[in-house]
Amino acid sequence: MAVEQPVPTSAATPGDQTRIHNIGYRNYDGPRLGRSYATRSLYSQSLRGAYGLGRSVKSKVLPMLLFVVMCVPAAIMVAVAVATKAKDLPVDYTRYAIIMQAVISLYVASQAPQSVSRDLRFKTVPLYFSRPIETADYVRAKYAALASAMFVLTAAPLIVLYVGALLAKLDFADQTKGFAQGLVSVALLSLLFAGIGLVIASVTPRRGFGIAAVIAVLTISYGAVSTLQAIADAQNSTGAIPWIGLFSPVTLIDGVQSAFLGASSAFPGAVGPTNGEGVVYVLVVLGLIAACYGLLMRRYQKVGL
C-alpha cells in the first residue's frame, strides 16, 4: 500500500530568514586631517622605527648600539683633549663621518630594508594609496625619515666633539666654523646614503637580501675605488685620482668636503679635487640624490597599481 507524504502548506523562502541587525556603526563626523597629516604621521612613524622606538626590544638593539658606537670615540677624543689641554681636537669635524663610514654603512643597510621591505612583503603599500596619501607623499616621508635618522646618527658625535671643544676652551670661532662645515657634510652624506639604501631595499621584499645588497654596494664600490686610486698614485697618475673618486658614495662626500669645506682629503697622497673638479662632485651628488628619488617614485607607482 502506498503511503502518502504530508505536503507542507507553505514553503519557506530565503527572504523570510533575512534579518537586519543594528551593530552600532556610525558615520564619522569629525575633522578630515588630509594628506599632509597622513604624510607627517608616516614620516614620524618611520623615523621612530629607524631607532626601534615603539617596537620590540629586539628591534632597538642594533640601531641603539650603532648610535653608541658612533658617539663613544668622539667622547674619548674629547676626554683626551680636555685631559691633555690640547690646542685642537684629534680629528676634524669633517673627517669623523669618513672615519666611521663602516658603522654608517651598517646602519643604513639595516634600517633601509626595515623602512620599506615589510610594506612590500605584506603588500600594504596599496592600502596606503587607497587613502588620501599619494605615491609622492609616501616616497617623501620614507626618504625624509631615513635621511633624518642618519643625520641624527652622524651629527650626534659632532655635537659631542663641539661641546667638548668648548669645555676644553678651544677657539670658539674655529670650532664653530668646523662644526658648521661638519653638519653640511653629514647632511649631504645622509641624503645620499638614504637614497641609495632605499632604492636598493625597494627592489626586494626580503629584508635579508636588502641588507646584503646595501652592504655589498657600499663596501664594494668604496673598496674598488680606493684600490684604483692607490694604483693610480703608485703609477704617479695623480690627475686620475679625483676622477676615480666619483664612483663611490663615500669618496664623493670626501671630495665635496675637501673641495669646498676645507677638509683634508683621504685620497692617496691627499690629492683631493680642485674647485673645478669639486663642482663636478657636487653635481654628481645632487644628481644621484635626484635620481634615487625618481627611481623610488617609479618603483612605487608600479607597486601601488
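No hydrogens, no waters, no symmetry mates; every other heavy atom, side chains included, goes into these values. Since the structure is predicted, the reported quantities are computational estimates derived from the model, not experimental observations.
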Of all pairs that satisfy salt bridge (Lys or Arg N to Asp or Glu O under 4.0 Å), the ones with a partner from residues 205-227, not counting sequence neighbours: none
ring-ring contact (aromatic ring centres under 6.0 Å, His included) against F267, all qualifying residues, sequence neighbours excluded: none
All pairs passing side chain to side chain donor-acceptor pair (under 3.5 Å) where residues 185-197 contributes a residue, at least two apart: S185-Q257
Contact list for residues 203-261, test ring-ring contact (aromatic ring centres under 6.0 Å, His included), sequence neighbours left out: none
Residue pairs passing the side chain to side chain donor-acceptor pair (under 3.5 Å) test where at least one lies in residues 57-72, sequence neighbours excluded: R55-S59, S56-S59
Salt bridge (Lys or Arg N to Asp or Glu O under 4.0 Å) partners of residues 136-155, not counting sequence neighbours, each pair once: R35-D137, D119-K142, D137-R140
S248 backbone acceptor or donor facing T251 side chain under 3.5 Å: yes
Residue pairs, two or more places apart or on separate chains, that pass ring-ring contact (aromatic ring centres under 6.0 Å, His included) and touch residues 33-87: Y51-Y107
Salt bridge (Lys or Arg N to Asp or Glu O under 4.0 Å) partners of residues 215-230, not counting sequence neighbours, each pair once: none
Could you pull out every donor-acceptor pair under 3.5 Å between side chains of residues 160-173 and any protein atom, sequence neighbours left out?
from : atom 1 : to   : atom 2 : distance (Å)
Y162 : OH     : T176 : OG1    : 2.9
D171 : OD2    : A173 : N      : 3.4
D171 : OD2    : D174 : N      : 2.9

Set of residues satisfying salt bridge (charged side-chain N to carboxylate O under 4.0 Å, His left out) with respect to D92, sequence neighbours excluded: none
Run the side-chain donor-acceptor check on residues 270-282: report pairs under 3.5 Å with partners two or more places apart or on a different chain.
from : atom 1 : to   : atom 2 : distance (Å)
T274 : OG1    : E277 : N      : 3.3
E277 : OE1    : T274 : N      : 2.9
Y281 : OH     : P242 : O      : 2.1

Qualifying salt bridge (Lys or Arg N to Asp or Glu O under 4.0 Å) pairs, either residue in residues 238-257, two or more places apart: R95-D254
S221 side-chain N/O to L218 backbone N/O, donor-acceptor pair under 3.5 Å: yes
